[in-house]
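Working notes, beginning with the structure itself.
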Amino acid sequence: MKITGARSAFYEWKRPQPISNGKHTYPTVMFGAVWLETSDGITGVGLSGGKPMEKEFINFLSEAVVGMDPLMSEAIWEKLWVPKLQGRRGLETRALSAIDFALWDIKAKAAGLPLYALLGGYRKKIPTYVTGGYYSDGKTLDRLGEEMAGYVSRGARAVKMKIGAVPILEDVERVRVVREAIGPSIRLMVDANCAYKAYEAVQFAQRVEQYNVFWFEEPVQADDYPGYAKVGASTTIPIAGGENEYTKYGFRDLIATNAVSILQPDARYMGGVTEFMKVAALGQAYGLDICPHGEQQAHLPLLAAIPNALMMEFYPKEFDPMWGRVFTATPEINADGTVSVLETPGGGCELNTAELEKYRVG
């Protein structure tokens, strides 16, 4: 089997109201994909974050794999990841990730297996947490509490909220309100999205420990490894991080801080399925759990294939006006707070292109 061609598409649509985290505001949703076609008639799809310039890198790297055997994903990964020519992080590695996803989709389809089974298979239902609690105009404390309690009423057994965009004491009050709204038994995580300096993160952590916070995510800038170490040593709250890390080498260095208990690789960014599985094994060797950042559709089969999967991040309908219309099959949260794997051959990311075409931007 040979790769005979590649194509890509990017899409963007507006949110009803912009949402913000500790550092950024998102008025739209951006989404992209690459398709690799083969001589056997199998087409693999890989997901992209849809950032500006990603398409150029995807198209550039895709040309290099035409004529290669898609089953040789390790060889293709090594050919594309050449730091001297393409860079060792950033959009180039994100483009590589999308192509790598498509390769694994091809391999699973060729084997007639869902991706989680091809990768080894460990479970068929993954515990989830719902991400919400963003900042938005007009969201009072009462509305924040109602929002988070609403996710629990729909089956969530864990929820995550954003922090870092307002003064520390104001965010502490937001955490208190959410804890009271969801009750004592629901896991509550907080995510600063790298908004704090280390001393600020220490102050915040000490003030919210009383609310039984399950983890404190990205307290400082991704490359501030000494800051991670300071925060981790100052609190009983487990530290989570890694959504801005790239490849096994970045996670090796993050693990070396001895501060992070939960690794959060985003396979769409950090090197695709190939690198995700290596980071999962690295985490397992160090007794660390995996709880990836981002797109649940992409990460569901990967988490189902590893023993150290903790939870899957789940974006609810409120996050995206196209929820349920992007993919041909969209898993929902079960009554017990889990999500079940898709059993169709491939990576489970077949796109509803007819619906997406309305929002195509490139």
Kindly indicate, with the supporting measurements, whether the criterion salt bridge (charged side-chain N to carboxylate O under 4.0 Å, His left out) is fulfilled by Glu173 and Arg176.
CA-CA 5 Å; Glu173 180 67 4; Arg176 181 192 67 79; 2.5 Å; yes
Please report the C-alpha distance between Arg360 and Glu357 in whole Å, then the side-chain angles of each, then the deciding distance to 0.1 Å, and finally whether the salt bridge (charged side-chain N to carboxylate O under 4.0 Å, His left out) criterion is met.
CA-CA 5 Å; Arg360 185 162 179 172; Glu357 196 62 28; 3.8 Å; yes
Audit row: Glu37, Lys2, salt bridge (charged side-chain N to carboxylate O under 4.0 Å, His left out) steps and yes/no:
CA-CA 9 Å; Glu37 299 163 349; Lys2 301 294 183 183; over 6 Å; no
Begin from the C-alpha positions of Phe31 and Phe10 and carry the test ring-ring contact (aromatic ring centres under 6.0 Å, His included) through to its verdict.
CA-CA 6 Å; Phe31 184 83; Phe10 275 43; 9.0 Å; no
Show the numbers, then the answer: is there a salt bridge (charged side-chain N to carboxylate O under 4.0 Å, His left out) between Arg15 and Glu318?
CA-CA 9 Å; Arg15 287 188 163 94; Glu318 291 83 350; over 6 Å; no
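Clustering ILVMFWY residues whenever any of their side-chain heavy atoms sit less than 4.5 angstrom apart, transitively, puts Phe60 in the very cluster that holds Leu36. Transitive grouping of hydrophobic side chains (ILVMFWY, heavy atoms separated by less than 4.5 Å) brings Leu103 and Val65 into a common cluster.
Taking 4.5 Å as the limit, every side-chain heavy atom of Pro345 sits out of range of all side-chain heavy atoms of Leu113. Between Val361 and Tyr11 the shortest side-chain heavy-atom distance does not fall below 4.5 Å. Residues Thr93 and Tyr269 fail the side-chain proximity criterion, which asks for heavy atoms closer than 4.5 Å. Under the 4.5 Å side-chain criterion, counting only non-hydrogen atoms from C-beta, Leu342 is not in contact with Pro114. Arg268 places none of its side-chain heavy atoms less than 4.5 Å from the side chain of Arg94. Contact annotation: the side chain of Met312 approaches that of Gln296 to within less than 4.5 Å [non-hydrogen atoms, C-beta and beyond]. The shortest side-chain heavy-atom distance between Trp77 and Glu275 falls under the 4.5 Å cut-off. In this structure the side chain of Leu351 reaches within 4.5 angstrom of the side chain of Phe327, judged on heavy atoms.
By the neighbour-count criterion of 12 heavy atoms within 6.0 Å, atom OH of Tyr286 is sparsely surrounded, having that number or fewer from other residues, nucleotides or ligands. Within 6.0 Å of the CZ atom in Arg154, the count of heavy atoms belonging to other residues, nucleotides or ligands exceeds 12. Within a 6.0 Å sphere centred on OH of Tyr26, other residues, nucleotides and ligands contribute more than 12 heavy atoms. Within 6.0 Å of the CD atom in Glu78, the count of heavy atoms belonging to other residues, nucleotides or ligands does not exceed 12. Around NZ of Lys55, the count of heavy atoms belonging to other residues, nucleotides or ligands within 6.0 Å exceeds 12.
The structure places NZ of Lys14 at 9.5 Å from CD of Glu12, a figure rounded to the nearest 0.5 Å. Rounding to the nearest 0.5 angstrom, the gap separating the NZ atom in Lys139 from the CD1 atom in Ile19 is 8.0 Å. Of the inter-residue distances, the one linking Leu119 atom CG with Leu302 atom CG reads 6.5 Å to the nearest 0.5 angstrom. To the nearest 0.5 Å, the span separating OG on Ser261 from CD1 on Ile237 amounts to 11.5 Å. One distance of note links NZ of Lys197 with CD of Gln203; it measures 11.5 Å at 0.5 Å rounding. One distance of note links CZ of Phe276 with CZ of Phe101; it measures 8.0 Å at 0.5 Å rounding.
In this structure a side-chain-to-backbone donor-acceptor pair under 3.5 Å is present from Asp105 to Gly347. Tyr135 contributes a side-chain N or O that, together with a main-chain N or O of Gly164, makes up a donor-acceptor pair within less than 3.5 Å. For the pair Lys79 (side chain) and Ala64 (backbone), a donor-acceptor distance under 3.5 Å is present. Looking at Ser48, its side chain never comes within 3.5 Å of a backbone N or O of Gly32 through a donor-acceptor pair. The main-chain N or O of Thr247 is never found under 3.5 Å from a side-chain atom of Arg89 such that the two would form a donor-acceptor pair. Ser8 places no side-chain N or O within 3.5 Å of a backbone atom of Val34 that could act as its donor or acceptor partner. Asp100 places a side-chain N or O within donor-acceptor distance of the main-chain N or O of Val273, the cut-off being under 3.5 Å. Panel note: side chain Arg123, backbone Pro307; a donor-acceptor pair is recorded below 3.5 Å. Proximity of a side-chain donor or acceptor of Arg143 to a complementary backbone N or O of Gly138 within less than 3.5 Å is detected. In this structure, the side chain of His299 engages the main chain of Glu295 through a donor-acceptor pair within 3.5 Å.
Using modelled atom types, one finds no donor on one side chain facing an acceptor on the other under 3.5 Å when comparing Trp215 with Asp191. Between the side chains of Asp266 and Tyr246, no donor-acceptor pair of N or O atoms lies under 3.5 Å. Side-chain contact, Glu218 with Asn244: a donor N or O sits under 3.5 Å from an acceptor N or O. A donor and an acceptor atom, one from each side chain of Gln264 and Glu217, are located under 3.5 Å apart. Side chain to side chain, Thr235 and Glu209 meet the donor-acceptor criterion of an N or O pair below 3.5 Å. Side-chain contact check for Thr328 and Glu350: no donor-acceptor pair (N or O, by modelled atom type) lies under 3.5 Å. With no hydrogens or angles considered, no side-chain donor-acceptor pair links Tyr129 and Arg157 at under 3.5 Å. Side-chain contact check for Glu343 and Tyr116: at least one donor-acceptor pair (N or O, by modelled atom type) lies under 3.5 Å.
Asp336 is linked by a side chain to side chain contact (heavy atoms under 4.5 Å, CB included) to Lys125, Asn334, Thr338, counting only residues two or more places apart in sequence or in another chain. Contacts of Lys23 classified as side chain to side chain contact (heavy atoms under 4.5 Å, CB included), with partners at least two apart in sequence or in another chain: Asn21, Ala195, Gln221. For Glu56, the salt bridge (Lys or Arg N to Asp or Glu O under 4.0 Å) criterion is met by no residue, not counting sequence neighbours. Scored by the side-chain hydrogen bond (donor to acceptor under 3.5 Å, both in side chains) test, Asn212 finds no partners at all (sequence neighbours excluded). A search for side chain to side chain contact (heavy atoms under 4.5 Å, CB included) contacts involving Met1 returns Thr38, Ser39, Asp40, Ile42, Pro70, Leu71, Ile106, Ala110, not counting sequence neighbours. Scanning for side-chain hydrogen bond (donor to acceptor under 3.5 Å, both in side chains) contacts around Tyr151 gives Glu147, with sequence neighbours left out.
Ring geometry for His293 versus Tyr315: interplanar angle over 60°, hence perpendicular rather than tilted (30 to 60°).
Closest heavy-atom contact between Cys194 and Ala222: SG-N, 4.0 Å. Nearest heavy-atom pair, Lys248 versus Leu282, reported as atom, atom and distance to 0.1 Å: O-CD2, 4.2 Å.
For Trp81 and Tyr249, the distance between ring centers is under 6.0 angstrom.
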